[in-house]
Undergrad: 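The structure is given below, and queries will be raised subsequently.
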Amino acid sequence: MTYPIDEIDGLSERLSASLHRAGVKTTRDLLDRGAKAESRPALARILGVAEAELERAVQMADLLRIKGVARRFAPLVHAAGARSVSAVAAQQAGRLYTAIVAAKSRVAGASRLPTQEDVARWIEDAAILQPIVT
């Protein structure tokens with residue numbers, strides 16, 4: 001799924017503005033430019049942001065590719081340690097769900113938890129998506 005770049009939760013105003021200036025308007029644009037680990041240092045320099053901040057944005061954009069994760073749940077999945085489509089696909093539903101529940105207290109604005117069935121569907125969807133983030 002592709003979203004406007006500002007749908008990425010926790011994107012700083014500085015990074016958002018830099019991405020827009022660079023023509024990165026969607027999560028797909030961000031993944032096209034920053035999915036490969038070797039491309040992120042140069043992109044971070046061009047954008048004038050820390051590589052870690054850019055990497056988090058790329059990871060969140062990747063998670064948004066999973067049907068049903070969307071902006072509401074991507075920060076929880078990320079905080080639970082599953083930071084890419086590939087990482088979600090490798091999880092067991094019960095374990096990822098438990099990690100998401102534990103992560104809720106660390107994620108600002110997390111008011112709703114997914115169900116364990118939601119998490120199982122995410123894992124199934126992630127398993128059929130092409131991995132692109134390295």
Side-chain angles (χ1 to χ4, degrees):
M1 313 227 34
T2 298
Y3 296 92
I5 200 70
D6 294 321
E7 285 292 306
I8 296 175
D9 189 72
L11 198 67
S12 71
E13 288 182 31
R14 180 179 177 190
L15 179 53
S16 176
S18 294
L19 288 167
H20 282 283
R21 280 192 302 276
V24 179
K25 307 267 192 243
T26 68
T27 53
R28 181 78 249 167
D29 295 339
L30 178 58
L31 291 170
D32 287 345
R33 303 257 318 256
K36 302 295 179 211
E38 59 271 11
S39 67
R40 285 193 290 273
L43 182 57
R45 280 192 302 279
I46 290 167
L47 297 172
V49 299
E51 190 177 338
E53 182 179 10
L54 176 61
E55 183 174 12
R56 182 186 182 281
V58 168
Q59 291 169 343
M60 295 293 282
D62 193 37
L63 292 173
L64 290 172
R65 295 173 50 221
I66 302 169
K67 184 178 178 182
V69 170
R71 184 178 187 177
R72 177 185 351 204
F73 296 124
L76 288 170
V77 175
H78 190 271
R83 298 199 166 118
S84 68
V85 165
S86 297
V88 171
Q91 297 290 317
Q92 293 179 335
R95 287 187 180 165
L96 181 55
Y97 178 76
T98 299
I100 288 170
V101 170
K104 185 176 184 263
S105 65
R106 299 188 311 270
V107 176
S111 59
R112 181 172 171 259
L113 286 170
T115 65
Q116 191 163 343
E117 292 77 22
D118 291 331
V119 173
R121 279 192 301 276
W122 299 343
I123 293 168
E124 290 172 8
D125 188 57
I128 60 172
L129 291 172
Q130 179 74 23
I132 59 173
V133 173
T134 60

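These numbers come from the heavy atoms of this one structure, side chains and all, not from hydrogens, waters or symmetry mates.
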Undergrad: More than 12 foreign heavy atoms under 6.0 Å from NZ of Lys67: is that the case here?
TA: no
Undergrad: Of all the heavy-atom pairs spanning Val77 and Trp122, show the shortest one and how long it is.
TA: CG2-CZ3, 3.6 Å
Undergrad: Identify the two heavy atoms, one from Ala82 and one from Ala87, that lie closest to each other, and give their separation to 0.1 Å.
TA: CA-CB, 4.0 Å
Undergrad: Going by ring pair (Phe, Tyr, Trp, His ring centres under 6.0 Å), name the pairs with one or both residues in residues 15-46, residues two or more places apart or in two chains.
TA: none
Undergrad: Let me confirm one number: the CG-CG distance from Leu15 to Asp6, rounded to the nearest 0.5 Å.
TA: 9.5 Å
Undergrad: What are the two closest non-hydrogen atoms of Pro114 and Tyr97, and how far apart are they?
TA: O-CE1, 3.1 Å
Undergrad: Under the criterion side chain to side chain contact (heavy atoms under 4.5 Å, CB included), I'd like the reasoning laid out for His78 against Arg83: C-alpha separation, chi angles, the key distance, then a yes or no.
TA: CA-CA 5 Å; His78 190 271; Arg83 298 199 166 118; 3.3 Å; yes
Undergrad: Working to the nearest 0.5 angstrom, can you tell me the gap between Arg121 CZ and Ile66 CD1?
TA: 13.0 Å
Undergrad: Hey, what do you get for CG (Leu64) to CG (Leu30), rounding to the nearest 0.5 Å?
TA: 10.0 Å
Undergrad: Answer whether the closest heavy-atom distance between the side chains of Ile5 and Asp29 falls below 4.5 Å.
TA: no
Undergrad: At their closest point, which heavy atom of Ile123 faces which heavy atom of Ala89, and how far apart are they?
TA: CG2-O, 3.9 Å
Undergrad: Does Thr98 have any side-chain hydrogen bond (donor to acceptor under 3.5 Å, both in side chains) partners at least two apart in sequence or in another chain, and if so, which?
TA: none
Undergrad: For side chain to side chain contact (heavy atoms under 4.5 Å, CB included), just list the numbers for Asp9 and Met60, CA-CA rounded to whole Å, side-chain angles, deciding distance to a tenth of an Å, and then say yes or no.
TA: CA-CA 8 Å; Asp9 189 72; Met60 295 293 282; 4.1 Å; yes
Undergrad: Please check if the side chain of Arg65 supplies one atom and the backbone of Thr27 the other of a donor-acceptor pair under 3.5 Å.
TA: no
Undergrad: Check residues 31-51 and write down every donor-acceptor pair under 3.5 Å in which the side-chain atom is one partner and the other belongs to a residue at least two apart or another chain.
TA:
{"unit_1": "Asp32", "atom_1": "OD1", "unit_2": "Arg28", "atom_2": "NE", "d": "3.1"}
{"unit_1": "Asp32", "atom_1": "OD1", "unit_2": "Arg28", "atom_2": "NH2", "d": "3.1"}
{"unit_1": "Arg33", "atom_1": "NH1", "unit_2": "Ala22", "atom_2": "O", "d": "3.1"}
{"unit_1": "Lys36", "atom_1": "NZ", "unit_2": "Ile132", "atom_2": "O", "d": "3.4"}
{"unit_1": "Ser39", "atom_1": "OG", "unit_2": "Arg33", "atom_2": "O", "d": "3.2"}
{"unit_1": "Ser39", "atom_1": "OG", "unit_2": "Lys36", "atom_2": "O", "d": "2.7"}
{"unit_1": "Arg40", "atom_1": "NH1", "unit_2": "Gly34", "atom_2": "O", "d": "2.8"}
{"unit_1": "Arg40", "atom_1": "NH1", "unit_2": "Ala35", "atom_2": "O", "d": "3.0"}
{"unit_1": "Arg40", "atom_1": "NH1", "unit_2": "Thr134", "atom_2": "O", "d": "3.4"}
{"unit_1": "Arg40", "atom_1": "NH2", "unit_2": "Thr134", "atom_2": "O", "d": "2.6"}

Undergrad: Can you name the nearest heavy-atom pair linking Ala93 to Val119, along with the distance?
TA: O-CG1, 3.8 Å
Undergrad: If I take atom CD from residue Gln91 and atom OG from residue Ser86, how far apart are they, to the nearest 0.5 angstrom?
TA: 11.5 Å
Undergrad: Determine whether Val85 and Val88 satisfy the following criterion, side chain to side chain contact (heavy atoms under 4.5 Å, CB included), listing intermediate values before the conclusion.
TA: CA-CA 5 Å; Val85 165; Val88 171; 5.9 Å; no
Undergrad: Check whether any side-chain N or O of Asp118 sits under 3.5 Å from a backbone N or O of Thr115 as a donor-acceptor pair, and report yes or no.
TA: yes
Undergrad: Evaluate the side chain to side chain contact (heavy atoms under 4.5 Å, CB included) criterion for residues Lys104 and Leu76: first the C-alpha distance (whole Å), next the side-chain angles of each, then the deciding distance (0.1 Å), finally the verdict.
TA: CA-CA 6 Å; Lys104 185 176 184 263; Leu76 288 170; 4.1 Å; yes
Undergrad: How about CZ on Arg106, more than 12 heavy atoms from neighbouring residues, nucleotides or ligands closer than 6.0 Å, or not?
TA: yes
